[in-house]
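Note sheet for the following structure.
Chain naming here is simple, since letters A, B, ... match the order of the sequence lines and numbering starts at 1 in each. The figures that follow rest on heavy atoms only: side chains count, while hydrogens, waters and symmetry mates do not. Predicted, not measured: the structure shown is a model, and the values here were computed from it.
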Amino acid sequence: MNEYLLAALQRALLPQSLVAMTFGVTAGIIIGALPGLTATMGVALLIPITFGMDPVAGLLMLTAVYGGAIYGGSISAILIHTPGTPASAATALDGYEMTKQGKAGLAIGISVIASSIGGIISVLALLLLAPPLSRLSLRFGPPEYFLLAVFGLTIIGSITAKSLIKGLIGAVFGLLLATVGIDVLTGAFRYTFGITALESGVSLVPAMIGFFSLSQVLMLTEETKESIVSLPDLGKERILPTLEELRSLLGTILYCSVLGTFVGILPGAGGDIASWVGYNEAKRISKHPEKFGTGYIYGVAAAESANNAVTGGAMVPLLTLGIPGSATAAVLLGGLLIQGLVPGRDLFTKYADVTYAVIVGMFITNILMLIIGLVSARYAMYIAGIPINILIPLIVALCVIGSYAINNSMFDVWIMLVFGLIGFLMRKQGFHPAPVVLALILGPMAEMGLRQSLVISKGAILPYFLGRPISLILVVLIIASIVSTIILERRHPERILVEE
Amino acid sequence: MFKKKGALLLIIVGLLAAFAAMAQGYPTRAITLMVMYPAGGGTDVGARMVASTAEKYLGQTLTVVNKAGAGGFVGWEELIRKKPDGYTIGFINIPGLTYGYLDPSAGRKMSLGDFTPIMNHVYDPGVIAVRADSRFQNIQELLDYARANPEELTATTTGVGSDDHLAIMQVERGTGAKFNVVHFRGFADTLAATLGGHVDVLFANVGEVKVPQQNGELRTLAVLDDKQTDFLPGVPTLEEATGLPVYSGSARGLAGPAGMSKEMVDVLAEAFKKAMEEPEHIEKMAEIGLPLRFMAGEEYQAYLERQEQVVKELMGW
Amino acid sequence: MNRRNDLIIAAVILLVCILLLGVTRNITPAGAANYPRILLITMMVLAAALGAAAYRDTKRTGSPPEPSSRSPRPYLLFAFCAAYVALVGLVGYFIASSVFLFGVMAYLGRRKYGQMLLIVAGLNLAVWYIFMIRLNVLVPMGILFE
């Protein structure tokens, strides 16, 4: 591993990589700060641009957008009490209170510092966990991949929708979509309806652009305002916290970063969940839990370090097993695949130069984010003021060119459009696009794993599953996740619902 | 009467124009080169490499356009509908193309006659391999065991109708061995399953197993070709080891829509041949594990027809 | 959440599943149809559960009031998008995008026409530069100009 790191550092410091990261962080912060535009949507929109780029620079741009957007979301959460991305909902609680007390600048300063530290810790975790896990990935055979996919789906189904049933319906819908095309195991044509373009299945990136970007734009049109009301003036405010403040915050930030990384590793659970977990945990261990929600700097630091820690954590299962750790990571998978990079052991052997350069680059990205974030903090409020009626048509135009460029196909553009509408209708009815997209990715893995297991075990599938230790662990995890969801839903039917 | 004369005149004018164009020398503008697989994949990388070299000899730009989907058929169906003017050509992947248009359940209205074969670029022979710590030391042991214990050993393919799948069927037919066939999506998956010990026998291609063989992770038992390969020194062909002549592999070459003139085909084949002979190209292709084999004209046509025969016989179509 | 809508959704899902179950009969070889069938049946069970829960709740609480946000705007915008994509196929990306951008900005209440023209020009320039010049990716030119 060490022999790779120096070469990786050199590659991550190439001018093209640095330009890509700087552009990515800046674009990410802007996307995040714009209410309604999410990290997932930003990454989906920018994938086509990475298409012709060097793999390292392209992937670094995408991960930079991811991190930047998760931080950027806190800007509008702090300034106008509107989370720029769902991951910043918890930040709004204390951040906006601070704005009301005239400490908006400090809130943004703490947010960017906590975000960068969270990101850096999660990248360290990625660097430490991913290589051994990738070696372990060889022990994952067809039954393990099947169970892993099921595990991912039970988690995503239970946390993202407003009800367990709706989450599961979304997941099964995604699994069904994944069956479209020629079946690898038999060569059978399934649900292609005579359309050649459907034979290789529903195109992933166009479908994701539709589900995440277009549907979000359609949601935005419901509340068109010319521009957001009175923005606070940050002209003279203090942005940097004092060393004293910083030292006292460090414990909270580190603790929440670790929590966020862990949430990121869980399949499908993203920044939105991490920020609530971080916030609630910080409140629970605090000596002054009553101060949370009153403009307490610990609240901002907890939520922001936790949600940015997801970025590295979510990459752990993505790079090693092909299981996205968050909805945004699911979209990032599309970015990997168009570079010809298939998750798994290859990424840490054959393509180790690319993979390590990306991981090291993510580290640098977080430092860049700290610098760019602090420098731009005073001007952050202008971003939140961009009128929505300019953004809407621009994003649609980018959705169209993006879904076309992936495969030079107008059919893909129609796919994007149809899924945009489906995604919008689903959102309106309390469903969520994330389980659908995750299932679309995990579907082939689940079906192949199950059917290959049947072939290998000659039908005796239960003894085959139970005779394998990793399978056994996964079965226990799946049961635990379902049972705990049902118990939670019984006990707290009105629990805080996660929007994305 | 006048109408007839007019028509004749038109034909003459048209022919003259055509000759005039030819005198200028094909190609006079950029040629679109379709690749039926996504950017970044094996076919795409090889295609872009050879195209960038062949441009020099053609004197015109080759614009690589990816048209992926349906295992290549989205692009192939578009290619055969283009004008055979030599300005749209594409890569054909064998046996994927052959299997796809022959498969009656696919119901494709396509045949070899819809293409003008130009030349073959890559030929990657099949191999039979096992994990390095496998109990099978040579191909004979493996086949004997698979004959004595039918369907006990699992064997990988990269999908129904892939060259790996056809190779398994040919080996089974020739030796009486019987494998429990497990299909996967691609080589990354079959390799991981083999190295993880989840399946017993890996059917793959020379270029694919080159690196894992060098790393000592795999033991390649036989090459399914008429001669040994430089990529895997010391590995016998199946014919040498058992006397069974099974030649199976995957090929990628150039073709255009039916009806391209011989002159155009020759110009293209010549340019690509020169590109393939450049030491730099040979070296780069070896690096990414794609063995070259130039075939053109009747040799290429005969190869494509033989592949049709193989698929038809094995599948009973 | 609207219970009545949930009932409708459940019914629609059930109907679509039955249709798709019918389609699986045409899949050959039949082995490939088993997995979609299992999924469809799971989906129908889930839809039935959704419908039952919604029905129970309507019984208990009576019919809740309709939610107020029923703006036709998203649907109109979607129609614009569909027309836009059709136009892209016809006259190419640049012309279609110009028309679409200008039209939608105007529809959403923007009136600073000079600024709008600048935005249109900016997008076209950016796409042209990034996709066609830098990335060498094709941009649809429309069948009329092919």
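With respect to A:Glu199 and A:Arg190, no salt bridge is recorded, no charged nitrogen being found less than 4.0 Å from a carboxylate O.
At a 4.5 Å heavy-atom cutoff, the contact between C:Tyr93 and chain A is made by side-chain atoms alone. Interface remark: A:Tyr404 contributes side-chain atoms only to the contact with chain C (heavy atom separation under 4.5 Å). Proximity to chain A is limited to the side chain of C:Ile13, based on heavy atoms less than 4.5 angstrom apart. Interface remark: C:Leu39 contributes backbone and side-chain atoms alike to the contact with chain A (heavy atom separation under 4.5 Å). Heavy-atom distances place the side chain of A:Leu425, and not its backbone, under 4.5 Å from chain C. Heavy-atom distances place the side chain of A:Thr179, and not its backbone, under 4.5 Å from chain C. For C:Ala86, the parts sitting under 4.5 Å from any heavy atom of chain A are the backbone and the side chain alike. Contact annotation for A:Leu185: neither backbone nor side-chain heavy atoms come within less than 4.5 Å of a heavy atom of chain C. At a 4.5 Å heavy-atom cutoff, C:Tyr107 makes no contact with chain A through either its backbone or its side chain.
In terms of heavy atoms, C:Ala32 sits closest to A:Thr186 at CB-OG1, 3.3 Å. Scanning both residues, A:Met426 and A:Gly170, for their nearest heavy atoms gives CE-CA, 4.4 Å.
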Inset, instruction - Would you sort out whether A:Phe23 and A:Met61 count as a side-chain contact (heavy atoms from CB on, under 4.5 Å), showing the intermediate values? - result: CA-CA 7 Å; A:Phe23 173 79; A:Met61 188 175 94; 3.6 Å; yes
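With ring centers used as reference points, C:Phe100 lies 6.0 Å or more from C:Phe80.
No donor-acceptor pair closer than 3.5 Å links the side chain of A:Ser213 to the backbone N or O of A:Gly210.
Interface check for chain C: of the options A:Gly420, A:Ala405, A:Pro393, the most heavy-atom pairs under 4.5 Å are formed by A:Pro393. Between chain C and the options A:Asn408, A:Leu398, A:Val418, A:Leu450, heavy-atom pairs under 4.5 Å are most frequent for A:Asn408. Ranked by non-hydrogen atom pairs under 4.5 Å with chain A, the options C:Ser97, C:Ala33, C:Pro29 are led by C:Pro29. Between chain C and the residues A:Phe424, A:Phe193, A:Trp414, the largest count of heavy-atom pairs under 4.5 Å involves A:Trp414. Ranked by heavy-atom pairs under 4.5 Å with chain C, the first of A:Arg451, A:Glu447, A:Met416, A:Met410 is A:Glu447. If you tally non-hydrogen atom pairs under 4.5 Å between each of A:Val217, A:Val400, A:Val413 and chain C, the highest count goes to A:Val400. For the options C:Leu40, C:Leu123, C:Val85, heavy-atom pairs under 4.5 Å to chain A are most numerous at C:Val85.
Between C:Phe102 and C:Tyr113, the ring planes lie parallel to each other; the angle is under 30°, not in the 30° to 60° tilted range.
Taking OG1 of A:Thr221 as the reference point, atom CG of C:Leu108 lies at 7.5 Å (rounded to 0.5 Å). Separation of atoms CG (A:Leu214) and CE (A:Met41) is listed at 8.5 Å; rounding is to 0.5 Å.
With a 4.5 Å cut-off on side-chain heavy atoms, C:Ser98 and C:Asn124 count as touching.
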